[in-house]
Amino acid sequence: MSAEAVAKVAFDLWAQWTSEIRATEIAREKHSKELVSLRARVTELERQRDASASWRLLFMTVRGSAIAVGGSLAVTLGMMVFALAYKLGLQRAFT
C-alpha cells in the first residue's frame, strides 16, 4: 500500500469519525432543547396544579364554614322556637 493510499484511508476514517462526533453533538443539542422544553412544561403543569389545589382548599374551607354556620343557625333557631313555644305554654306539644 502506498503512502498516498494510507493517507487517504486515514483521512476517510478521520472524516467519518468527525462527522459521527458532529452528528452526536447535533443530537445532544436537539435532546437538550427538548429537555428544556419538557422541564418548562412540567413547571407550568406543577404551577397549575398548585393553583388548582389552592382554589380547591379555599372552596372546601368556605363550604365547611358554610355547613358549620348553617348547622349552628339551625340549632339556634330550633332552640329559640322551643323556648318561645315553652314560654307561650305549649310545653305539652313537645312532651
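Side-chain contact between K33 and K30 is absent, with no heavy atoms from C-beta onward closer than 4.5 Å. The shortest distance between side-chain heavy atoms of M79 and V75 falls below 4.5 Å.
Partners of L57 by side-chain contact (heavy atoms from CB on, under 4.5 Å), not counting sequence neighbours, listed by chain and number: T61. Taking the side-chain contact (heavy atoms from CB on, under 4.5 Å) definition, one finds that W55 meets it with L58, sequence neighbours left out.
Remark: Q48 CD to T43 OG1 distance equals 11.5 Å, nearest 0.5 Å. Here the straight-line distance linking atom CH2 of W14 with atom CZ of F11 works out to 6.0 Å at 0.5 Å rounding. Here the straight-line distance linking atom NE2 of H31 with atom CD1 of I26 works out to 12.0 Å at 0.5 Å rounding.
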Open item on the list: Let's go through S32 and R28 carefully: what are the C-alpha distance in whole Å and the side-chain angles of both, what is the deciding distance for side-chain hydrogen bond (donor to acceptor under 3.5 Å, both in side chains) to 0.1 Å, and is it a yes or a no?
Closed with: CA-CA 6 Å; S32 178; R28 186 179 299 137; over 6 Å; no
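Applying the under-4.5 Å side-chain rule to Ile, Leu, Val, Met, Phe, Trp and Tyr, the cluster around I67 consists of that residue alone.
Ion pairing between a basic and an acidic side chain is recognised when a charged N comes within 4.0 Å of a carboxylate O; E44 and R47 show such pairing. Taking a cutoff of 4.0 Å between a charged side-chain nitrogen and a carboxylate oxygen, E46 and R49 do not qualify as a salt bridge.
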